[in-house]
Visitor: 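Take a look at this one; I'll ask things after.
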Amino acid sequence: MDFLEGLNPQQQAAVAHVEGPLLLLAGAGSGKTRVITHRIAHLIEAHRVPGPCILAVTFTNKAAEEMRQRVHNLLGGLSSRESPVVSTFHSFCVRLLRRDGDRLAELRPGFTKKFTIYDEDDQVALIKSIFKATGLDEKFMSYRGACSWISQKKSHKESPQDVYGAATDPNITRLASVYEQYEARLRQANALDFDDLLLEAVRLLAHDEDLRRQYNQRFEFVMIDEYQDTNRTQYELIRLLTGSHKNLCVVGDEDQSIYGWRGADIRNILDFEHDYPNAAVIRLEQNYRSTKNILEAASAVVANNTERKGKWLWTTSGAGERIARFEAFDGEQEALFIADTIEKLLTASPEDRAAVLYRTNFQSRQIEEALRRYGRKYVVVGGFSFYQRAEIKDALAYLKVLSSPHDSVSVLRIINTPARGIGKSTIEQIEQYALENELSIWSAIGRMLDENVFPPRAEAALRTFRNMIQELAAMLATAKVSDVLEEILARTGYIKMLEGDKDPESESRLANLNELINAAAEAAERGEGVAEFLDHAALVSDSDNLDERAPVSLLTLHNAKGLEFPIVFLAGLEEGLFPHMRSLDSKAAMEEERRLCYVGMTRAEKRLFLTTARYRRRWGGGETEASIPSRFLSEVPEALVQDLSPRKRAGQVDLYGERQEVREAARRNLYTGKTYNSVENIQQFFNERGKQPAAAPATPTAIAKVAPAAPKAVPTTHIPKPTPRAKPLRSGSNIIHPKYGRGTVLRREGDGDDAKLTVSFPGYGLKKLIEKYAGIKEE
DNA sequence: AAGAAGTGGCTTTTT
DNA sequence: GCCACTTCTT
């Protein structure tokens, strides 16, 4: 078979390129995966390169699986001995360390190839324990915050000592200490976190010249997908792997770089030609996926970015439908519009698939509810995955302890699950002892039992626990993983605990555990041992089991990378949500948000809907907040847009604002002049005021009292007259600022002299203002 | 020691 | 609205 056939000239050139570095700039929908798979097949068949000498690295397991499958199909079946190695960065590194990691012990004392992998939950548990030992709590910093702080330091190769040295305030010093303890505890547990998997593989390859040579010789051709999302460590790994031959092909699109927050370094792709001087560069700019309108709209949005090489995708397909825009009253109406539209479109053409993409996971709930009302089946990608469920993590923690007893995080997870009489005070005692003597929890238990320090009841419970673990560990050496799992669940009483539980959730937990046992049985049949089974559990992501054929999928924009759908909805296009609040004050972050928008838009083949809500409730019972449409909406050329918003369609004035105020007022029992005909509310208002006149800062009386207070210690030149107001500024109020002009109040914090307003000014973004000094006038 | 009931705090995105 | 953590109860 000729693998150059049926490809456009640029694609052909890429497939035919054999030796030396190649940068493939592949725009969205330009047939990138096709090129990579054809190139692999071409290397194997036309150039007689043995499959196992080709390494292709992808971002997700799912992408790896798909690539494997497609190469397989192209070549009409390959035995596993002839297959190329297709893997994610993380699983590649894990395999390297498990197979050839012995000499890492020279760099990392205590390391053995039986290491365990700590996922984010494990890391949080560890940080929690370190915080407790250090006398810190979550008010100092959230556990997750500390995790990502440490991760940042690690991936920038800053050691705890470096941080100590550069520390400017005591909080940094405290963090450095947490970091130092964190590293020490990982080593003590012979555990690696996600960062370590890459970092230690790099350190090992740099350190062990023989090993490096071996890998260089083995992997004669290396291909990296989604190169724009690689970080510095991955970059170093690639350099080490291709040191001797430079047969490196990287594929990427700087406009789709969306993992900067996780350390992805866009320089990797922007500087490729500089790093590999004689690199060939091929651009794939013909788009085969989307209609002309969709492509033009997406291109127009991303053209607002400056950090890009710049390209313009083109297509021979027709204009298609215009981009639909829908401005809903609130999140609920937005969700109902989406569900309703999906219902209509899929009824009309049942073979189509639709995807709803959103910026944050919490947005899925309302959309799910709406879809359920329509009786539409859907799949949600993201949120908590199978392997993150408590019962699954418990079962896996047992397995981890059996194969690596010094894994203290796992020991502490299961030591009293199910309850076996090892209580809080006993556990604290053990933790304390372990800390003082620099022992793992497992060793500490052993030593303390020898020293007879426990009260009789705790002692008996601990002995039973220890014996049970030892017996199960002995079983693990010979039996199948699935059998050991079953034995664990039976002997620990875990199954009994769930069966006796009246919580309706328990039934599904039991089902999940059964599924886990099945998965283990399948793994055993493939000849995998415990380590491989656990590695797989640690490294699968939720997007890996996305079923692309599902008629309706709900997923985050990040999870949508690499996918395509005939119908796409981008939901929640509001300033502060998308672009996200945390990106508003940084140009680089804003450009990443815009790339995310570009990724989302270019997922669509035929129809693209952009939806936004005027008011959104951020958390459950909290306040509804007014929002303003995302800047990305206005970056789509008006000529390409068809507006489906109800108020425009009906040709009416905007009643939303008024309705909203009435609602809010009714809820807060405030008289705003709009509810005078509601006896109930007037009654409530007076009742409330009679009870606590001063406690309601938002009432006119309270404001009048506060307003005349003189400002202190503020440059006199900038003090505008405090404007006494009849009505307090709240979410949704429209105001005029002397410098920024018209804006909408998004949020109000504090009261009286301290009242701060978050205001969105079109053209200036969000600003935080002190109400008293800002010189704001109500519009 | 172990469950039940109540409270605060919070939400980007993820291999 | 949900989760984790605390306090209360037995």
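Chain letters run A, B, ... following the sequence lines, proteins first and then strands; every chain starts at 1.
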Visitor: Under 4.0 Å: is that the gap between some side-chain N or O of A/Thr556 and OP1 or OP2 of B/dT14?
Guide: yes
Visitor: Within this structure, what is the CG-to-C1' distance between A/Leu596 and B/dT14, rounded to whole angstrom?
Guide: 12 Å
Visitor: Rounding to a whole Å, what distance do you find between A/Leu577:CG and B/dT13:C1'?
Guide: 12 Å
Visitor: Please determine which of A/Asp407, A/Val409, A/Ile414 meets the side chain to side chain contact (heavy atoms under 4.5 Å, CB included) test together with A/Lys400.
Guide: A/Asp407
Visitor: Closest to the A/Thr60 side chain: B/dA1, B/dT15, B/dT14?
Guide: B/dT15
Visitor: Measure the distance from CZ on A/Arg457 to C1' on B/dA2 and round it to the nearest whole Å.
Guide: 11 Å
Visitor: Between A/Arg365 and A/Lys424, which residue's closest nucleotide on DNA chain C lies nearer the 5′ terminus?
Guide: A/Arg365
Visitor: Please confirm whether the backbone N or O of A/Gln333 pairs with a side-chain atom of A/Asp330, one donor and one acceptor, at under 3.5 Å?
Guide: yes
Visitor: Between B/dT15, B/dT13, B/dA2, spot the one nearest the side chain of A/Ala419, thanks.
Guide: B/dA2
Visitor: Using only side-chain N and O atoms of A/Ser425, determine if any of them is under 4.0 Å from OP1 or OP2 of B/dA1.
Guide: yes
Visitor: Distance check needed: B/dT11 P versus A/His558 NE2, whole Å only.
Guide: 17 Å
Visitor: Could you tell me which non-hydrogen atom of A/Ala571 sits nearest to which non-hydrogen atom of A/Ile367, and how far apart they are?
Guide: CB-CD1, 4.3 Å
Visitor: I'd like to know if the side chain of A/Asn512 and the backbone of A/Ser508 have a donor-acceptor N/O pair within less than 3.5 Å.
Guide: yes
Visitor: Write down the distance between CD (A/Gln123) and P (B/dT15), rounded to a whole number of angstrom.
Guide: 14 Å
Visitor: Taking the nucleotide of DNA chain B with the closest heavy atom to each, which residue, A/Arg582 or A/Gln234, is nearer the 5' end?
Guide: A/Arg582
Visitor: Are A/Glu138 and A/Lys128 within salt-bridge range, i.e. N to O under 4.0 Å?
Guide: no
Visitor: Are A/Arg203 and A/Glu236 ion-paired here, with the side-chain N under 4.0 Å from a carboxylate O?
Guide: no
Visitor: Heavy atoms from C-beta onward define the side chain here; which of B/dT15, B/dA2, B/dT14 lies closest to that of A/Asn361?
Guide: B/dT14
Visitor: Please tell me which of A/His90 and A/Arg144 maps to the more 5' nucleotide of DNA chain B, matching each residue to the nucleotide holding its nearest heavy atom.
Guide: A/Arg144
Visitor: Starting from C1' on B/dT15, measure out to CG on A/Asn231 and report it in whole angstrom.
Guide: 10 Å
Visitor: Give a yes-or-no answer on whether the side chains of A/Asp119 and A/Tyr387 include a donor-acceptor pair shorter than 3.5 Å.
Guide: no
Visitor: Under 3.5 Å between N/O atoms: give me all the protein pairs with nucleotides 3-5 of chain C, atom names plus distance.
Guide:
{"residue": "C/dC5", "atom": "OP1", "partner": "A/Lys128", "partner atom": "NZ", "Å": "2.7"}

Visitor: Does A/Asn416 have a side-chain nitrogen or oxygen under 4.0 Å from the phosphate oxygens OP1 or OP2 of B/dA2?
Guide: yes
Visitor: Check the distance between B/dT14's P and A/Phe59's CZ and give it to me in whole angstrom.
Guide: 11 Å
Visitor: Taking DNA chain B as the partner, which of residues 258-266 of chain A come within under 4.0 angstrom of it by heavy atom?
Guide: A/Tyr259, A/Trp261, A/Arg262
Visitor: Calculate the interatomic distance between A/Tyr387 atom OH and B/dT15 atom P; express it in whole Å.
Guide: 14 Å
Visitor: Using 30° and 60° as the class limits, which term best fits the ring planes of A/Phe59 and A/Tyr259: parallel, tilted or perpendicular?
Guide: tilted
Visitor: Within the distance-only criterion (no hydrogens, no angle test), does the side chain of A/Thr134 pair as donor or acceptor with the backbone N or O of A/Ile130 below 3.5 angstrom?
Guide: yes
Visitor: Distance check, P atoms only: B/dT13 and C/dA4, in whole angstrom units.
Guide: 15 Å
Visitor: Would you say A/Asn416's side chain and A/Ile422's backbone share a donor-acceptor pair under 3.5 angstrom?
Guide: yes
